[in-house]
Amino acid sequence: MLQSQLFAKIKKETPKEAEVISHKYLVRGEFIEQSFSGVYRFLPLGFRVLKKIEEIIRAEMRKLGAQELYLPALQNKNFWLETNRWETIDPPLFKLKDRHQKETALGSTHEEEITDIVRKRIKSYRDLPFSLFQIQEKFRNEIRATGGLLRTREFLMKDLYSFHSNEKDLINFYQKVKMAYFRIFKRCGLTTLCVEAATGTIGGELSHEFMVLSEAGEDRILICKKCNFGANIEKIGERTKCPKCKGQLEKRNSIEVGHIFNLGTKYSQAMGANFVDKNGKSFPIVMGCYGIGLPRLMAAIVEIWHDEKGIIWPKEVAPFQIHLIPIESTQKVKKIAKNLYQDLQEQGIEVLYDDREDKTPGEKFAEADLIGIPYRIVISERTIKSNSVEVKERKEKGTKLVKIKSLSQFLNSK
RNA sequence: CGGAGUGUGGCCUAGUGGUUUAGGGCGCUUGGUUUGGGACCAAGAGGUCGUGGGUUCAAAUCCCACCACUCCGACCA
């Protein structure tokens with residue numbers, strides 16, 4: 001991508017509506033832009049990051065054997081009446097009326113939709129277990145949106161649903177999802193804690209939240225210093241002693257990036273999703289649901305990975321892998337930079353090529369630091385004297401001169 | 001929804017009744033000079049001071065209403 005063509009007007013100053021660090025950097029770097037309260041636009045740079053996160057999640061869902069589908073945002077009121085959540089779900093639904101004055105709502109979650117799909121098809125224990133997921137927009141009528149992408153009213157979510165003939169099978173799958181979630185967050189550069197959580201209006205038997213420790217987080221959790229117990233204060237209340245080992249509990253702020261639920265038979269009973277077992281007896285399907293909010297995850301990554309100059313994207317979620325920056329636009333520098341740009345692209349590496357000739361080195365560097373691409377490669381008269389380029393890792397302080405010939409080798413070794 | 005705050009060209013802001021035909025910085029346009037950490041010179045474009053109403057000889061400035069946004073509370077991926 002030529003930076004001269006990139007649809008991004010990177011800002012020197014922080015717009016005043018931004019308060020948390022991830023919001024500030026994402027807005028300044030033109031990853032996102034607020035449309036109105038709690039509703040965000042993803043600009044080309046931000047969209048690339050979002051897609052990277054989406055692909056990581058999709059890959060891990062497939063490894064679980066889950067099949068992807070896509071459900072409507074506009075939902076049938078009758079399903080919500082069946083589960084008795086039309087009025088009670090919190091945050092409430094965004095409700096609207098069609099031209100015939102018939103009520104409908106924008107989906108804040110999809111248990112009703114998925115359970116309807118399943119009840120129409122699944123009649124036998126032989127069809128179980130299986131799992132389905134989607135990556136789709138959710139709408140939540142929050143009292144208040146906060147912290148940029150940390151809490152929005154419309155957001156992209158991955159929701160996975162699993163269906164089982166018995167509790168044991170569900171618990172087995174639940175554990176696998178847990179492991180998949182740890183892998184997803186790790187690939188996004190995050191260390192997460194899995195803590196016991198309150199099930200809220202999703203309901204069910206029990207649930208676990210995946211937490212990223214951060215001061216920007218709204219959740220308060222208690223972590224045991226002795227055993228690996230952890231829980232949301234919302235679930236267990238304020239206390240100082242670990243309920244498992246009596247060890248000292250530590251209170252921390254955290255961002256909830258994922259939440260998994262053992263739903264039991266709450267929805268299958270409410271909506272009549274039953275199967276017959278070997279003996280011909282009918283039982284409600286045992287269900288689980290598992291969510292990850294993508295924009296919040298993106299914000300959490302920035303909360304963890306930044307310095308005073310800007311974002312430091314972990315490689316797997318970075319919008320580009322290499323930021324190629326020629327400085328001093330002499331014919332020789334330009335020619336070598338252009339060739340290198342083509343070479344790298346042919347190798348399938350995503351390169352942002354700062355071909356702008358009217359920008360000073362300082363400005364290019366400042367913008368590069370802000371948008372946080374993992375590798376910065378500078379080409380100048382100085383570096384080409386020794387047939388080299390200067391390589392700097394965003395997360396490191398120092399730079400390294402690397403011969404152009406051995407650049408690919410150097411990058412591959414990373 | 002309760003509490004607090006903010007609203008001035010695209011962005012950050014100065015100005016809190018009269019010398020303001022609303023000032024500066026960034027950005028933008030044109031020309032020139034520059035080029036290893038957010039360059040310099042010159043010329044230029046861009047504003048219903050959130051909206052409506054009121055007070056006043058006079059309102060960005062005071063009053064009222066409304067709107068929008070941010071933060072704290074509750075809720076959540």
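So that the names make sense, note that chain A is the first sequence line, chain B the second, and so on, each numbered from 1.
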Base, sugar-phosphate, or nothing: which does [X] touch, judged by heavy atoms less than 4.0 Å apart?
X        : result
A:Ala197 : nothing
A:Phe261 : sugar-phosphate
A:Asp219 : base
A:Thr330 : nothing
A:Arg376 : base
A:Glu142 : base
A:Thr14  : sugar-phosphate
A:Arg356 : nothing
A:Lys16  : sugar-phosphate

| message | Applying side chain to side chain donor-acceptor pair (under 3.5 Å), can you list everything that pairs with A:Tyr341, at least two apart in sequence or on another chain? | response |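 With neighbours one apart ignored, the set is A:Gln345.
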ask   = Distance-only, no hydrogens or angles: does the A:Thr115 side chain make a donor-acceptor pair with backbone N or O of A:Glu111 under 3.5 Å?
value =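 Side chain of A:Thr115 to backbone of A:Glu111, a donor-acceptor pair under 3.5 Å: yes, one is there.
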Given 3.5 Å as the limit, does a donor-acceptor pair link the side chain of A:Thr152 with the main chain of A:Leu149, or not?
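No: the side chain of A:Thr152 does not pair with the backbone of A:Leu149.
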Contact list please: residues 29-40 of chain A against RNA chain B, heavy atoms, distance less than 4.0 Å, in numerical order.
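A:Gln34, A:Phe36, A:Ser37 - these, ordered by number, are the residues of the stretch whose heavy atoms sit under 4.0 Å from the strand.
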- Task: Nearest 0.5 Å please: distance from the CG atom of A:Leu193 over to the CZ atom of A:Phe229.
- Result: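 Rounded to the nearest 0.5 Å, the CG-CZ separation comes out at 12.0 Å.
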> Of all the nucleotides listed (B:rG36, B:rA77, B:rA39), which has the minimum atom distance to the side chain of A:Glu363?
Replying inline: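 Minimum distance to the A:Glu363 side chain belongs to B:rA39.
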In terms of side-chain geometry, is the basic nitrogen of [X] or [Y] positioned less than 4.0 Å from the acidic oxygen of its partner?
X        : Y        : result
A:Lys138 : A:Asp159 : yes
A:Glu30  : A:Lys11  : yes
A:Glu60  : A:Arg183 : yes

* A:Leu160 side chain near A:Phe173 side chain, heavy-atom distance below 4.5 Å ->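 A:Leu160 reaches A:Phe173 side chain to side chain.
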How many Å lie between [atom1] on [X] and [atom2] on [N], as a whole number?
X        : N      : atom1 : atom2 : value
A:Glu17  : B:rG7  : CD    : P     : 14 Å
A:Leu50  : B:rA77 : CG    : P     : 18 Å
A:Leu297 : B:rC76 : CG    : P     : 20 Å
A:Leu93  : B:rC76 : CG    : C1'   : 14 Å
A:Ile202 : B:rA77 : CD1   : C1'   : 10 Å
A:Lys359 : B:rC40 : NZ    : P     : 13 Å
A:Glu13  : B:rG24 : CD    : P     : 16 Å
A:Asp358 : B:rG38 : CG    : P     : 16 Å

Pairwise [atom1] distance, [M] and [N] [rounded to whole Å]:
N      : M      : atom1 : result
B:rA58 : B:rU19 : C1'   : 14 Å
B:rG47 : B:rU13 : C1'   : 14 Å
B:rU70 : B:rA77 : C1'   : 22 Å
B:rG7  : B:rG50 : P     : 8 Å
B:rG37 : B:rC76 : C1'   : 42 Å
B:rC28 : B:rC1  : C1'   : 43 Å
B:rC63 : B:rU20 : P     : 24 Å
B:rC49 : B:rC71 : C1'   : 25 Å

Could you give the side-chain donor-acceptor pairs of residues 307-319 of chain A under 3.5 Å, partners two or more places apart or in another chain?
unit_1   : atom_1 : unit_2   : atom_2 : d
A:Asp307 : OD1    : A:Lys309 : N      : 2.8
A:Asp307 : OD1    : A:Gly310 : N      : 3.1
A:Asp307 : OD1    : A:Arg394 : NH2    : 2.8
A:Asp307 : OD2    : A:Arg394 : NH1    : 2.9
A:Asp307 : OD2    : A:Arg394 : NH2    : 3.4
A:Trp313 : NE1    : A:Ile371 : O      : 3.1
A:Lys315 : NZ     : A:Tyr375 : OH     : 3.2
A:Glu316 : OE1    : A:Arg187 : NE     : 3.2
A:Glu316 : OE1    : A:Arg187 : NH2    : 3.0
A:Glu316 : OE2    : A:Arg187 : NE     : 3.0

Would you say A:Arg296 reaches B:rC76's phosphate, i.e. side-chain N/O to OP1/OP2 under 4.0 Å?
->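 Result: no.
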On RNA chain B, does the nearest nucleotide to A:His23 precede the nearest nucleotide to A:Phe155 from the 5' side, or the other way round? Give the residue.
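It is A:His23, whose closest nucleotide lies nearer the 5' terminus.
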